[in-house]
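Here is the structure we will look at.
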Amino acid sequence: MPEALAVSFSNIMDSNSYSAGSGGDPLIADRERVLGPAYRLFYDRPVHLVRGQGSHLFDADGERYLDAYNNVASVGHCHPHVVEAVSRQMATLNTHTRYLHRGIVEYSERLLATMPDEVDRVMYACTGSEANDLALRVAEMRSGATGVIITRDAYHGNTALVTAISPSLGGATIIGPNVRIVDPPDTYRIPADQLATRFAADVARAADDLTASGYGVSALIVDTVFSSDGIYTDTSALGPAVAELRARGGVFIADEVQPGFARTGDAMWGFDRHGVVPDIVTTGKPMGNGIPIAAMAARADVLEPFAVGVAYFNTFGGNPVSIAAASAVLDVIENEGLMANAATVGQALRTHLAEIDDPRLGDVRGAGLYVGVEIVADPETKTPDREQARRLVNALRERRVLISVCGHDGNVLKIRPPLVFSMSDVDWFVTEFTAALGI
């Protein structure tokens with residue numbers, strides 16, 4: 001049998017991952033035997049979860065954990081309204097979109113009603129990766145160009161097309177020759193009065209270079225809270241950059257897989273906070289609360305060249321069961337006031353974290369229930385401390401609180417709990433976080 005190839009370091013996958021050989025759980029060995037080395041597990045000591053409810057998870061030993069990481073089960077693990085809707089539809093019918101079904105039309109009307117009037121068409125897929133792949137194809141046919149602008153540590157998925165615009169994957173990932181990378185609007189290190197000018201100038205320079213290189217300018221695609229880059233939620237920088245892009249014929253794609261569906265507390269979509277109307281919007285993970293469904297919404301005129309030129313079909317995209325889940329998620333967000341909850345509880349969490357007197361906590365930032373805590377070796381030099389961030393993540397795991405990390409140096413604690421996170425959950429989190437710091 002040939003020897004297994006070593007897998008290179010991936011910033012997004014390996015900054016908080018289990019290292020083979022550091023534990024003795026036979027389930028880990030069985031998993032590695034059948035799944036191979038590409039898959040990753042969280043934490044130095046992986047967690048074996050068997051049940052979830054709301055913002056809490058339970059392991060095989062019955063221990064309860066605080067989930068401060070998952071935006072997949074965005075309205076809470078096993079939410080009864082979502083479970084009931086999926087079960088009812090599964091027991092009735094599940095097929096594809098080449099048959100008439102009223103559910104997909106009604107849901108599409110509801111979804112588009114949450115977006116600007118200009119964004120008036122929607123297409124469905126199963127994952128955010130597929131939605132972003134589709135968005136790039138649509139942008140290319142609209143613009144007649146292939147050049148794409150991304151941020152330094154972007155992550156937009158794992159198809160061949162979007163892997164080439166996802167530098168945070170690292171390892172053997174090859175960024176396409178038609179891709180230009182710009183630094184994110186780093187609110188911790190760039191003065192506020194320079195942020196917008198610098199980001200817009202970088203985007204303009206990248207677009208001009210793409211044109212000079214013969215690729216032309218197809219799209220700027222950004223996650224509108226710059227999640228993988230380190231969570232930057234300032235709203236001054238994106239608008240001017242999009243203006244520079246459009247002046248050069250490019251399409252703006254708002255990747256809302258992480259900031260969308262009320263996550264920021266300020267609005268349903270991350271782009272709303274910036275006062276920018278995208279040409280294309282993509283979404284995925286939180287859309288079905290764990291049931292695979294994703295979407296690409298677009299302006300009709302932007303979509304038209306692709307829509308009339310390509311016969312698109314996705315077997316499982318928009319199937320009745322997934323649509324039932326997605327519709328139930330909208331119900332819960334609306335009926336339980338989860339956008340307001342994200343704003344109120346998220347502000348309380350950031351306030352409590354900012355009040356902790358510890359020089360390792362260089363910056364606390366975020367919007368709603370998306371919070372980043374920058375861990376530094378020296379607050380004066382703002383030197384990133386990847387190892388300390390990893391230590392804190394694993395110390396919290398041992399105290400049964402689950403988070404992860406992000407950012408170019410893997411030193412930003414990524415706190416992104418389900419939208420049902422409560423004030424008592426904030427108390428639990430802050431208590432264990434303080435203990436993990438050793439204060």
Q: Examine the side chains of E256 and T224 and answer whether a donor and an acceptor come within less than 3.5 Å of each other.
A: yes
Q. Taking atom CD of E336 as the centre, does the number of heavy atoms from other residues, nucleotides or ligands within less than 6.0 Å exceed 12?
A. yes
Q) If you look only at pairs with a residue in residues 176-229, which of them pass as a ring-ring contact (aromatic ring centres under 6.0 Å, His included), with sequence neighbours excluded? A) F199-F226
(Q) Whether the D133 and T159 side chains hold a donor-acceptor pair (N or O, under 3.5 Å, no angle test) is what I'd like checked. (A) yes
Q: Go through the steps to decide whether V393 and Y43 satisfy the test side chain to side chain contact (heavy atoms under 4.5 Å, CB included), and finish with yes or no.
A: CA-CA 8 Å; V393 166; Y43 311 116; 3.6 Å; yes
Q. Given the rule in the side chain to side chain contact (heavy atoms under 4.5 Å, CB included) test, do L396 and N394 qualify, once you have shown the distances and angles that lead to the verdict?
A. CA-CA 5 Å; L396 282 168; N394 281 284; over 6 Å; no
Q. Under a 4.0 Å N-O cut-off, is there an ion pair linking R400 with D59?
A. no
Q: Decide yes or no on side chain to side chain donor-acceptor pair (under 3.5 Å) for N158 and T163, but give the supporting numbers first.
A: CA-CA 5 Å; N158 55 28; T163 293; 6.0 Å; no
(Q) Checking the side chain of R189 only, and the main-chain atoms of K382 only, is there a donor and an acceptor separated by less than 3.5 Å? (A) yes
Q | Partner residues of R31 under the side-chain contact (heavy atoms from CB on, under 4.5 Å) criterion, sequence neighbours left out | A | L35, Y39, L41
(Q) Distance alone, cut at 3.5 Å: any donor-acceptor contact between the side chains of S236 and D234? (A) yes
**Q.** Set of side chain to side chain donor-acceptor pair (under 3.5 Å) partners for D385, sequence neighbours left out
**A.** none
Q. Listed by chain and number, what are the ring pair (Phe, Tyr, Trp, His ring centres under 6.0 Å) partners of F429, not counting sequence neighbours?
A. F433
Q: Using a strict cut-off of less than 4.0 Å between a Lys/Arg side-chain nitrogen and an Asp/Glu carboxylate oxygen, indicate whether R198 and D183 qualify as a salt bridge.
A: no
Q) For the residue pair Y69 and F42, is the inter-centroid distance of their aromatic rings smaller than 6.0 Å? A) yes
Q.
With ring-ring contact (aromatic ring centres under 6.0 Å, His included) as the rule and sequence neighbours excluded, what pairs involving residues 110-129 come up?
A. none
Q | Min side-chain heavy-atom separation V47-L402 under 4.5 Å | A | yes
(Q) Is any side-chain heavy atom of L220 closer than 4.5 Å to one of I253? (A) no
Q. Charged N to carboxylate O below 4.0 Å: is that the case for D409 and R386?
A. no
Q) Hey, is the main chain of D117 close enough, under 3.5 Å, to the side chain of R299 for a donor-acceptor pair? A) no
Q. So, S228 versus D153: side-chain donor-acceptor pair below 3.5 Å or not?
A. no
Q. Does a side chain donor of either T211 or R248 reach within less than 3.5 Å of an acceptor in the other side chain?
A. no
Q) With E130, which residues qualify under side chain to side chain donor-acceptor pair (under 3.5 Å), at least two apart? A) N314
Q) If you look at every heavy atom in T151 and P167, which pair is closest and at what distance? A) O-CG, 3.8 Å
Q. Under 3.5 Å, is there a donor-acceptor pair between the S227 and Y370 side chains?
A. yes
Q) Which residues pass the side-chain contact (heavy atoms from CB on, under 4.5 Å) test with F313, sequence neighbours left out? A) H96, T97, R98, T315
Q. Taking atom CG of L338 and atom CD1 of I333, what is their separation to the nearest 0.5 Å?
A. 6.5 Å
Q) Considering residues at least two apart in sequence or located in another chain, which fulfil the ring pair (Phe, Tyr, Trp, His ring centres under 6.0 Å) criterion with H77? A) none
Q: Return yes if some donor-acceptor pair links the side-chain N/O of D229 with the main-chain N/O of P184 below 3.5 Å, else return no.
A: no
Q. Taking NZ, NE, NH1 and NH2 as the nitrogens, is one of them in E244 or R205 under 4.0 Å from a carboxylate oxygen of the other?
A. no
Q) What pairs with T146 under side chain to side chain donor-acceptor pair (under 3.5 Å), at least two apart in sequence or on another chain? A) none
**Q.** E106 vs S327, side chain to side chain donor-acceptor pair (under 3.5 Å): CA-CA, chis, key distance, verdict
**A.** CA-CA 9 Å; E106 293 176 347; S327 184; over 6 Å; no
Q. With no hydrogens and no angle check, is any side-chain donor or acceptor of N71 less than 3.5 Å from a backbone partner on S74?
A. no
**Q.** Worked check of salt bridge (charged side-chain N to carboxylate O under 4.0 Å, His left out) between R45 and D25
**A.** CA-CA 9 Å; R45 194 163 69 93; D25 190 331; over 6 Å; no
Q: Salt-bridge test for D363 and R365: reply yes if a basic N is under 4.0 Å from a carboxylate O, no otherwise.
A: yes
Q: With sequence neighbours left out, write down each residue that passes side-chain contact (heavy atoms from CB on, under 4.5 Å) with H81, or none if nothing qualifies.
A: H79, A328, D331, V332
Q.
Tell me if a side-chain donor or acceptor on H274 pairs with a main-chain N or O of V276 at a distance below 3.5 Å.
A. no
Q.
Test: salt bridge (Lys or Arg N to Asp or Glu O under 4.0 Å). Region: residues 74-91. Which pairs qualify, not counting sequence neighbours?
A. E84-R88
Q: Quick one: list whatever passes side chain to side chain donor-acceptor pair (under 3.5 Å) with R180, sequence neighbours left out.
A: D209, S213
Q. Any chance the side chains of Q258 and R263 put a donor and an acceptor closer than 3.5 Å?
A. no
